[in-house]
A.B. asks: 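After the structure tokens below, expect a handful of questions from me.
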Amino acid sequence: VTISTDHVMIENAAEEPRVLCIVQDTTNAKTVNERLTLNLPASTTLSKLFEDVAHKASYVNGTFDLAWGVNTGSLDPSSEMSLTESGFEPGKRNFLQLTDKDGEQPQIASVSDSGLDDSSQERFIGPLPRDGTVGCSSDCSSPSYSYSSILNKSDTGYVGLVNQAMTCYLNSLLQTLFMTPEFRNALYNWEFEESEEDPVTSIPYQLQRLFLLLQTSKKRAIETTDVTRSFGWDSSEAWQQHDVQELCRVMFDALEQKWKQTEQADLINQLYQGKLKDYVRCLECGYESWRIDTYLDIPLVIRPFGASQAYSSVEEALQAFVQPETLDGVNQYFCERCKKKCDARKGLRFLHFPYLLTLQLKRFDFDYTTMHRIKLNDRMSFPEELDMGPFIDVEDEKSPQTESCTDSGAENEGSCHSDQMSNDFSADDGVDEGICLDSASSTERVLKPKVPTHPGLSLTFELFSVMVHSGSAAGGHYYACIKSFSDGQWYSFNDQHVSKITQEDIRKTYGGSSGSRGYYSSAFARSYLDCDDFPEHIKHLVQREKESEEQEKRQREIERNTCKIKLFCMHPVKTMALMENKLEVHKDKTLREATEMAYKLMELDGVVPLDCCRLVKYDEFHEYLERSYEGEDDTPMGLLLGGVKSSYMFDLLLETRRPEQVFQPYKPGEVMVKVHVVDLKTDTIAPPVSIRAYLNQSITEFKQLIAQVKLSAETMRVVLERCYNDLRLVYVPNKTLKAEGFFRSNKVFVESSESPDHQVTFTDSLLWKLLDRHGNTIRLFVSLPVQSPGTNRTICPKQQQGSSTSDSQKSSDTSDFEHIESPSPSQEPDSSVSAAVAVDNRELENRIRAAGGGTYSDPETQFPGEERSDSEVNNDRSTSSVDSDILSSSHSSDTLCNADSGPIQLANGLDSHSITSSRRSKANEGKKETWDTAEEDSGTDSEYDENGKSKAESYYLYFRAEPYAQEDGSGEGGQKCVLVHVDKRITLSAFKQNLEPFVGVTSTQFKVFRVYANNQEFESVRLNETLSSFSDDNKITIRLGRALKKGEYRVKVYQLLVNDAEPCKFLVDTVFAKGMTVKQSKEELMPQLKDQCKLDLNIDKFRLRKKTWKNPGTVFLDYHVYEEDINISSNWEVFLEVLDGPEKMKSMSQLAVLTRRWTPAQMKLEPFQEVVLESSSVEELKEKLSEISGIPLENLDFAKGRGTFPCDISVLEIHQDLDWNPKVSTLNVWPLYICDDGAVVFYRDSTEEPMEQSEDERNELMKKESSRLLKTGHRVSYSPRKEKALKIYLDGGPVKDPGQD
């Protein structure tokens, strides 16, 4: 059945560089998206290239041209120049186009025309890259074939198997079993009873189906997923690489279990099982103890243990397999007859060979020098016919001197398994290892009855099948070389590729210097069964599989002719947001039929009549309606969409209208303009209305078009918002829209009042300020503390009261040029609410002014917005992400929703509302940017300037808040929320002051936390930073607690426990201030430690020290001052260390080192002890260590610990692995670099020898150390990678352990 071997390509094919040609067939709309891929030797001529392309494309050679590109000349089809001489680059992708010849399409070749001679299929016999392999090197290339022709059967007539990921080992075994007629025919004779078992989990049934498909399918390759599913495997198993011999054994066991109580119950044993005798014979009296063992394969050693020379042939390895060994000396055998220990001979004898003999070459070995598994690449030859006669036991098994015995100590070689393969691919070792199959020939059985005890059985085996492994012991690739009994030809079955190979190729797998290895097995089998000879149940199964394959083929044909395009629609009832789906329509379906399909897909039945719907060409990215299809209801979709493509540069939109309305025609070349009407009196910006214009229109003509919205063209101001919120006033009458920067989809603001604002410079006008506010306002969801009082009111600055009501209303203006009426879903707010708003506005205004944090100032001093938020003031945007006015003539404001509701993602990753430098420079003249960094000021900025005046008073920024009920009704303990519309250029300080009425306390008494994904919260502490980093719909949580003042820092305090298993323990959060001494901070800490941690400490009994991750650092002395002697930053961390005695550290010149003694005689590490040094002298360190340990100075060794504190290391490694006694005189130089407190130093007595341990004691200690180091999170020096065991589950799948990851 199999044996491991190495296999490579023919030398000239392996050495010659290869050229990858990718050919695009541009002669037909059906083929333009397909690619023909050919991987050819660089010496291939152009004429041969044309022949190969003709074969792959199924065209008659000479009826097409090949060219590099559209406007380049064609290649010469008769040239004998090589590909490299013709400009092709080896190792790179060379793109060609297949074009019409003389204006005529290529002729389709008949079946006889498209065949290639066998030589083209015989170029490659080695391991071929699987589909999807990237970056294959030139010495491992695939034969020339088209990826699109994978559905066509191989020219050899055999069908390949698709590699699921790393299932090449499975494919090789399945192909070998299929090509074994005895096994295949026996499998066909088994009949599946569906009433007794689920077909999905029946391994024999799925193998039966697979074999039938291999025999009858017209595909090039078929899937094995149904078979692996019957094994109980999930998709992760496809990524596990295993040994093919291991799979063979496991699968045979599973089949035997499934075939119990059937005719096939003993099939595996009948075909593959042999017998051998394991014996021990006394050399003094001749007494023999023996037992009979069975085997399914014979494992053959490549190289004897300890030897440098490998066996040269399989016959030699077999001879060594049965060669007895002498048991003498200490290995003497106790003879039952002699009643004493005697010299004896121990060995194996073959008693019976199976019908199919499997030889396994044990090419995987273990190197005890490197302690790694290796693959042996020594040469080992094998014959085409193998005579096993010399290895059979011809002695009389019933000798009266022999006696059955089970304590002979012999190994059961029949059950040997080869080493498992790892799942990592490595080509370090480019040789192959094979698995051999030999079977007795029935004809030879008659001709050569060599053994009288086995009448009729020939012992000559013919080479039949080889499993080849390419790669190293770390991983590789399997494929199979199998001899067909129908024509005597050898074939290479390499996943989906099947090709012919020769006997010469087989001999190249012997191994050795050629880089190939292997062994095969031989078997003789009967001819194939004809389909007419199938059992009746198999004929039915064949018919079902044929019908299934035909159905699949028809489905693929439909898929190839199906247009798949994005479909959008604004559902009038379900949601105001734009719904998205995928429309799949056959290219021959008409527009009318496609509209009906889209109508059903978007679930509009019963909502809108079908005749009130239409499909239009739509660009979702630019929110642009490109064109409508008037009069083309009967046009096929393939023509309208430009053919069947993998992706389209546009989308489709299903528009709806009211029955009394008429659709507006959209003509190609028009641009879409979303017009927002601005009302300076009410300070509002209306929702957009869509109009269509032409780029060659003048500004005057454009104003006249807009004037149909009942605006005055004479006093009209038109502001174009270009990319990144760049506002541009367009006023030159004769200038075209294109010259002004209009594009496919545009956004403009128009204002036509007669106010004096027209006379002011645009950037100083009220219009600009309103649009500027509009462009920088974001919406935030703020969660308030439970005890906050003010969530029952809506508060906004008095001047902005109008915007709080009318901003949320949609325009009710009619759009005559669209023949539509815009709906007005919003209603006027209740008057009582408005009154309450006004009262609260005045209250808030007075409160903020009294607090010094007013929201009014000279607008000229506004801070610039760094980026336009993806939100607007309009309340209607909360339910949508795109404009609501571009859909149809009936729902201009509710078919697509308001663009201000969400960001329009651009190619550069920015949203469409960023402020450009032109606006920033105007608003920021003479003004310093308000950015601060940790380098400039690591503390928190004050809310007040040096004169005590609130900084918030120096500018006006928009703020409006209203109650908000959480949709899910959640909220911790009845937590209240407000919805805040705020200019994101506002500082955190002013933002907090505006929130004071809602929180109920002053801004210094609450903290602001920004909520990120997964509900992670981070405190915002920089009061002079703006909210520019916030975006629409961000969440903020307000928590009560003292906010930081200028120069204050929030600090986390951890306890340092140097001798505990977990040396770092969190204690409290506290606040340190700039200018505070360490002693003062300790005094403030003591009450907190007592209340929160139950630590009652005297101020002299603990110290603070620097914390860098888990490492203790500089000891802080009581007189040190923060920000002067000690650098401090936001969210700082420090260690608190409880002292055993008085503080020894008195000066910064001292050095505190943590030392630990290693006692080899006890294999033990002592607890940490701190040593305080007056200098960085090595001599002083050794003197101090000698003083505390009693070790003589001359015998004291020391070494610096590695890694993070506590620098854990295994007691089995510390004696050798650390750098003991470095040759330095000071501690602050290489390799020690001990310059700060907290370094770990190990020391020992150099005269103390490590404790002697037995192997068991050492193993026990190793387990304890591994467990200890793993618990502390430290590295264990060596842990072999665990390989996943190969299992086949008979009950449909593994039982998941709930505690298992």
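Keep in mind that this is a model prediction, so the values were computed, not measured.
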A.B. asks: Within this structure, what is the CG-OH distance for the pair L207 and Y188, rounded to the nearest 0.5 Å?
C.D. replies: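 If we round to the nearest 0.5 Å, L207:CG and Y188:OH are 10.5 Å apart.
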
A.B. asks: At their closest point, which heavy atom of V200 faces which heavy atom of R229, and how far apart are they?
C.D. replies: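 So the minimum-distance heavy-atom pair works out to CG1-CD, 3.8 Å.
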
A.B. asks: Step by step, would you call K258 with S202 a side chain to side chain contact (heavy atoms under 4.5 Å, CB included)?
C.D. replies: CA-CA 8 Å; K258 288 287 187 178; S202 174; 5.6 Å; no

A.B. asks: Would you give the length of the straight line joining atom CG of D243 to atom CZ of R249, rounded to the nearest 0.5 angstrom?
C.D. replies: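 D243 atom CG to R249 atom CZ measures 11.0 Å (nearest 0.5 Å).
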
A.B. asks: Could you go through the side chain to side chain contact (heavy atoms under 4.5 Å, CB included) check for K277 and I292 one step at a time?
C.D. replies: CA-CA 5 Å; K277 176 195 287 185; I292 304 298; 4.2 Å; yes

A.B. asks: Output the distance between atom CG (L173) and atom OG1 (T167), rounded to the nearest 0.5 Å.
C.D. replies: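 Taking CG in L173 and OG1 in T167, the distance rounds to 12.0 Å.
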
A.B. asks: Kindly compute the distance separating CG (L361) from CE (M467), expressed to the nearest 0.5 Å.
C.D. replies: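 Separation between the atoms: 13.5 Å.
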
A.B. asks: Calculate, to the nearest 0.5 Å, the distance between atoms CD and CG belonging to Q241 and L1286 respectively.
C.D. replies: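 Rounded to the nearest 0.5 Å, the CD-CG separation comes out at 11.5 Å.
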
A.B. asks: Between the side chain of Q489 and the main-chain N/O of I501, is any donor-acceptor distance below 3.5 Å?
C.D. replies: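 Checking the backbone N and O of I501 against the side chain of Q489, a donor-acceptor pair under 3.5 Å is found.
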
A.B. asks: If you take all heavy atoms of L255 and F183, which pair is closest and at what distance?
C.D. replies: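 That would be CD1-CZ, 3.9 Å.
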
A.B. asks: Tell me, with the steps shown, if D297 and Y272 meet side-chain hydrogen bond (donor to acceptor under 3.5 Å, both in side chains).
C.D. replies: CA-CA 8 Å; D297 55 64; Y272 300 101; over 6 Å; no

A.B. asks: Of the non-hydrogen atoms in D387 and G389, which two are nearest, and what is the gap between them?
C.D. replies: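 So the two residues come closest at OD1-N, 3.0 Å.
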
A.B. asks: May I ask you to test the Q496-N171 pair for a side-chain heavy-atom distance under 4.5 Å?
C.D. replies: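 Counting from C-beta outward, Q496 and N171 never come under 4.5 Å.
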
A.B. asks: Which atom names give the shortest non-hydrogen contact between T180 and T176, and what distance separates them?
C.D. replies: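 Where T180 meets T176 most closely, the heavy atoms are OG1-O, 2.7 Å.
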
A.B. asks: Please report the C-alpha distance between Q270 and Y355 in whole Å, then the side-chain angles of each, then the deciding distance to 0.1 Å, and finally whether the side chain to side chain contact (heavy atoms under 4.5 Å, CB included) criterion is met.
C.D. replies: CA-CA 7 Å; Q270 291 173 3; Y355 184 74; over 6 Å; no

A.B. asks: Between K375 (side chain) and G471 (backbone), is there a donor-acceptor pair under 3.5 Å?
C.D. replies: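 Confirmed, K375 side chain pairs with G471 backbone.
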
A.B. asks: Which heavy atom of A221 sits nearest to which heavy atom of L161, and what is that distance?
C.D. replies: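 Residues A221 and L161, closest heavy atoms: CB-N, 4.1 Å.
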
A.B. asks: Determine whether F178 and I482 make a side-chain contact, defined as any pair of heavy atoms from C-beta on separated by less than 4.5 Å.
C.D. replies: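 With C-beta onward as the side chain, the pair stays apart.
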
A.B. asks: Hey, does the side chain of Q273 reach the backbone of I268 with a donor-acceptor pair shorter than 3.5 angstrom?
C.D. replies: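 Absent.
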
A.B. asks: H469 vs F364 aromatic rings, parallel, tilted or perpendicular, using cut-offs 30° and 60°?
C.D. replies: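 The arrangement is perpendicular - the two ring planes meet at more than 60°.
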
A.B. asks: Quick check: do N185 and E182 have side-chain heavy atoms less than 4.5 Å from each other?
C.D. replies: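 They are not in side-chain contact.
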
A.B. asks: With a cut-off of 6.0 Å (strictly less than), are more than 12 heavy atoms of other residues, nucleotides or ligands near CD of E263?
C.D. replies: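 Atom CD in E263 is not packed in, count stays at 12 or less.
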
A.B. asks: Using a distance-only test with no angle check, is there a side-chain donor-acceptor pair under 3.5 angstrom linking Y491 and Q175?
C.D. replies: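 Not at all, the side chains of Y491 and Q175 share no donor-acceptor pair under 3.5 Å.
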
A.B. asks: Between N494 and S492, is there a side-chain donor-acceptor contact under 3.5 Å, judged purely by atom types and distance?
C.D. replies: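 No, no side-chain donor-acceptor contact under 3.5 Å.
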
A.B. asks: Start with the C-alpha gap between Q164 and T224, add the side-chain angles, then the distance that decides, and say whether side-chain hydrogen bond (donor to acceptor under 3.5 Å, both in side chains) holds.
C.D. replies: CA-CA 8 Å; Q164 295 182 36; T224 58; 2.9 Å; yes

A.B. asks: Side chains of T460 and E385: does their closest heavy-atom pair fall under 4.5 Å?
C.D. replies: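 The answer is yes; the side chains approach within 4.5 Å.
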
A.B. asks: Examine F321 together with Y311 and report whether their ring centres are nearer than 6.0 Å.
C.D. replies: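 No, they do not, as the ring centres are separated by 6.0 Å or more.
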
A.B. asks: Salt-bridged, E384 to K483, with N to O below 4.0 Å?
C.D. replies: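 Looking at E384 and K483, the cut-off is not met.
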
A.B. asks: Is a side-chain N or O of S548 found less than 3.5 angstrom from the main chain of R544, in a donor-acceptor match?
C.D. replies: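 Side chain of S548 to backbone of R544, a donor-acceptor pair under 3.5 Å: no, none is there.
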
A.B. asks: What is the minimum heavy-atom distance between L213 and V159, and which atoms define it?
C.D. replies: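 Nearest pair, atom of L213 first, then V159: O-CG2, 4.2 Å.
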
A.B. asks: Check the orientation of W233 and F231. Use parallel for under 30°, tilted for 30 to 60°, and perpendicular for over 60°.
C.D. replies: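 Ring orientation of W233 relative to F231: perpendicular.
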
A.B. asks: Is there a donor-acceptor pair closer than 3.5 Å between any side-chain N or O of Q206 and the backbone N or O of T201?
C.D. replies: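 Checking the backbone N and O of T201 against the side chain of Q206, no donor-acceptor pair under 3.5 Å is found.
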
A.B. asks: Please round to the nearest 0.5 Å and tell me the distance separating atom CD of E246 and atom NZ of K1287.
C.D. replies: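 Taking CD in E246 and NZ in K1287, the distance rounds to 11.0 Å.
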
A.B. asks: State, yes or no, whether a side-chain contact exists between T294 and N269 at a heavy-atom distance under 4.5 Å.
C.D. replies: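 Not touching, per the 4.5 Å side-chain cut-off.
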
A.B. asks: Would you check if L177 and F252 make a side-chain contact, meaning some heavy-atom pair closer than 4.5 Å?
C.D. replies: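 A side-chain contact under 4.5 Å exists here.
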
A.B. asks: Can you tell whether the side chains of D226 and R209 come within less than 4.0 Å, N to carboxylate O?
C.D. replies: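 R209 and D226: salt-bridged.
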
A.B. asks: Evaluate the side chain to side chain contact (heavy atoms under 4.5 Å, CB included) criterion for residues L459 and F391: first the C-alpha distance (whole Å), next the side-chain angles of each, then the deciding distance (0.1 Å), finally the verdict.
C.D. replies: CA-CA 10 Å; L459 298 181; F391 309 107; over 6 Å; no

